[in-house]
Amino acid sequence: YAIFNQDGACELYYDNSKKFETTSAGATIDGQVLIGNTSPAEGTNNALEVFQTWGGRIGLARNDTSTAAGNNIGMISFYGNDANGTYQLSATIAATADLDHDTGDKPGRLEFLTTPDGSNTPVERLRIDSIGRHKITKPVISGSGSNCAALKVNDDYDHYGVVSVK
């Protein structure tokens, strides 16, 4: 059933439990959001699942007529909740304009950020730019030896890593 309030808010209930609510701040949904299917994928507890015969897709778009180099286009952020109920950013995958955009010209880059131990501020660790270059940020690690490499490649079969650069 539905309840429509005088302030314009709407509440939707299923089996006497509120599942959807609108307020002046936006909308909240209790439970899973399934798009293209009526039941979740087996064994999952995802809050959002998208199903299509060509593969589920989620699009993030910037609605701007003057996207410049360095502008954020879309972002997926990952948060952790500590014992006091405070959510803090732990990692981010961001799509950013690599250069200024124009009609038919949208150079972009992907940035991967993680938060180091003892901090709550993510730091860029890997960038793939619009021409395919990969930038790996040098880690800040105390100590020495093979565990201090910015790029470590392991092969589970013979325990030797191989990196080929051409």
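Fair warning: this is a prediction, and the values are worked out from it, not measured in the lab. Every heavy atom of this structure was used, including side-chain atoms; hydrogens, water molecules and symmetry mates were not.
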Q | Check: Asp15 side chain, Ser17 main-chain N or O, donor-acceptor pair, under 3.5 Å | A | no
Rounding to 0.5 Å, atoms CG (Asn71) and OG1 (Thr96) come to a distance of 9.0 Å
CZ (Arg133) and CG (Asp98) are apart, to the nearest 0.5 Å, by 7.5 Å
Contacts of Asp100 meeting salt bridge (Lys or Arg N to Asp or Glu O under 4.0 Å) (sequence neighbours excluded), chain-then-number -> none
**Q.** Flag, side chain of His134 to backbone of Leu126, donor-acceptor distance under 3.5 Å
**A.** no
**Message:** Donor-acceptor pair, distance only, cut-off 3.5 Å: does the side chain of Thr22 make one with the backbone of Cys10?
**Reply:** yes
In terms of heavy-atom contacts, Ala91 and Thr115 come closest through N-OG1, 4.4 Å
Establish, from distance only, whether the side-chain atoms of Arg125 and Thr114 form a donor-acceptor pair under 3.5 Å.
-> yes
Inset, instruction - Please indicate whether Tyr87 has more than 12 foreign heavy atoms, meaning atoms of other residues, nucleotides or ligands, lying under 6.0 Å from its OH. - result: no
> Given Ile93 and Phe78, is the side chain to side chain contact (heavy atoms under 4.5 Å, CB included) satisfied, shown in steps?
Replying inline: CA-CA 9 Å; Ile93 301 171; Phe78 304 87; 4.2 Å; yes
Rounded to the nearest 0.5 Å, the CD1 atom of Ile128 sits from the NZ atom of Lys135 at a distance of 13.0 Å
Worksheet entry | N-O pairing of Asp129 and Arg109 below 4.0 Å | no
Query - Test item: Ile35 and Val33 side chains (from C-beta on) under 4.5 Å apart, heavy atoms - result: yes
The reported gap from NZ in Lys106 to CG in Leu99 (rounded to nearest 0.5 angstrom) is 12.5 Å
Residues Pro122 and Leu113: closest non-hydrogen pair is CB-CB, 3.9 Å
For atom OH of Tyr13, is the number of surrounding heavy atoms from other residues, nucleotides or ligands below 6.0 Å larger than 12?
yes
Value for CG (Leu48) from CD1 (Ile58), rounded to nearest 0.5 Å, stands at 4.5 Å
Residues at least two apart in sequence or cross-chain that pass salt bridge (Lys or Arg N to Asp or Glu O under 4.0 Å) with Glu21, listed by chain then number, are Lys18
Quick note, side chain to side chain donor-acceptor pair (under 3.5 Å) partners involving residues 49-59, not counting sequence neighbours, are Thr44-Glu49, Asn46-Glu49
If you define the side chain from C-beta out and look only at heavy atoms, does anything of Pro116 sit under 4.5 Å from Val123? yes
Tightest non-hydrogen contact, residues Ala2 and Leu12, listed as CB-CD2, 3.5 Å
Shortest non-hydrogen pair, Ala97 vs Ile73, comes out as N-CD1, 3.6 Å
Tightest non-hydrogen contact, residues Asn37 and Phe51, listed as CB-CD1, 3.3 Å
Output for pair (Asp102 CG, Thr67 OG1), nearest 0.5 Å, gives 10.5 Å
Take Phe112 and Thr92 through the test side chain to side chain contact (heavy atoms under 4.5 Å, CB included) and record every step on the way to the result. CA-CA 6 Å; Phe112 296 81; Thr92 299; over 6 Å; no
**Message:** Hydrophobic clustering (ILVMFWY, side-chain heavy atoms < 4.5 Å, transitive) - are Ile29 and Val50 grouped together?
**Reply:** yes
| query | With no hydrogens and no angle check, is any side-chain donor or acceptor of Asn5 less than 3.5 Å from a backbone partner on Asp7? | reply | no
Looking just at side-chain N and O atoms, do Glu124 and Thr137 make a donor-acceptor pair shorter than 3.5 Å?
no
